Amino acid sequence: MESDLTDLRIPAVLLTAAALAVSLPACAKDIIVHMKNQGADGAMVFEPSYVKAAPGDTIRFQPSDASHNAETMANMLPAGATPMKGAMNKEAVLTVGKPGLYGIKCMPHYSMGMVALVQVGKVTPADIAAAKAVKLPPFAAKRMTAALAKVK
Ligand SMILES: [Cu+2]
C-alpha cells in the first residue's frame, strides 16, 4: 500500500513541473548589439542597428569599443515602457515588455548618428508613423529611417 502512494506522488511532481514550464514565456532570448567605433555602416554604430525582439526578450548593448553608452529615447518609447539608461563603457541591458518601437541612442555620438531601433512584437502603422515623425539630428535621422524601413 505504501509503495502505491509513492508511485502516485512522483508523476504528480513531474506534472506540476511540466505545467510550470508551459506557463513560462516560450523562449525569452538574449540579443547582443555591439557598440562600435567602426562598423559596416560607417563610424559610431550600434551593430545591428535594427533588432526584432519579442516581449520578454533581453537586448544587451555591449561596449565592444570604448566611449559609448546605450539609452532609450524619451520620444521613441512605447507608452508605459520603462526607460533605460546605460553607463558609459558598460553593458546596457534592456528587457522589453511592451510591444512597439524603442529608439536607442548613444549619448556622446547621437549627433553622429549612433542610434538603433528595437521592434518588440507587432507594431501598428500608427506606431511607425509616430516614430517617423520624431525629429532627430540629420545623421541620426538617416540611420533611423533605414532602421524603420526594416520594421514589419
Ligand atoms: Cu557612441
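Here, residue 1 is the first one in the sequence, and each next residue gets the next number. The analysis underlying the following values was restricted to heavy atoms, covering all of them including side chains, and did not include hydrogens, waters or symmetry mates. Computed from a predicted structure; not experimentally measured. When a ligand or atom number is given, it counts from 1 through the structure's own listing order.
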* To do: Taking ring-ring contact (aromatic ring centres under 6.0 Å, His included) as the test, write out the residues that go with Phe61, two or more places apart.
  =>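 Result, ring-ring contact (aromatic ring centres under 6.0 Å, His included) vs Phe61: Phe46.
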
* Classify the side-chain pair Asp65/His34 by whether it contains a donor and acceptor separated by less than 3.5 Å. =>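 His34 and Asp65 do not have a side-chain donor-acceptor pair below 3.5 Å.
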
Sequence neighbours left out, cut at 3.5 Å: what donor-acceptor pairs do the side chains of residues 143-152 make with other protein atoms?
unit_1 : atom_1 : unit_2 : atom_2 : d
Arg143 : NE     : Asp41  : OD2    : 3.0
Arg143 : NH1    : Ala43  : O      : 3.4
Arg143 : NH1    : Met44  : O      : 2.9
Arg143 : NH1    : Gly113 : O      : 3.0
Arg143 : NH2    : Asp41  : O      : 2.9
Arg143 : NH2    : Ala43  : O      : 3.1
Thr145 : OG1    : Ala141 : O      : 2.7

* **Distance-minimising heavy-atom pair for Lys135 and Tyr110** =>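 Looks like O-OH, 4.4 Å.
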
* May I ask you to test the Asp57-Ile31 pair for a side-chain heavy-atom distance under 4.5 Å? =>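 The answer is yes; the side chains approach within 4.5 Å.
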
* To do: Using side chain to side chain contact (heavy atoms under 4.5 Å, CB included) as the criterion, list what pairs up with Ser111, not counting sequence neighbours.
  =>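 Scan of Ser111 (side chain to side chain contact (heavy atoms under 4.5 Å, CB included), adjacent residues dropped) gives none.
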
* Sum up the protein N, O or S atoms located under 2.8 Å from the Cu ion (ligand 1). =>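 There are 4 of them.
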
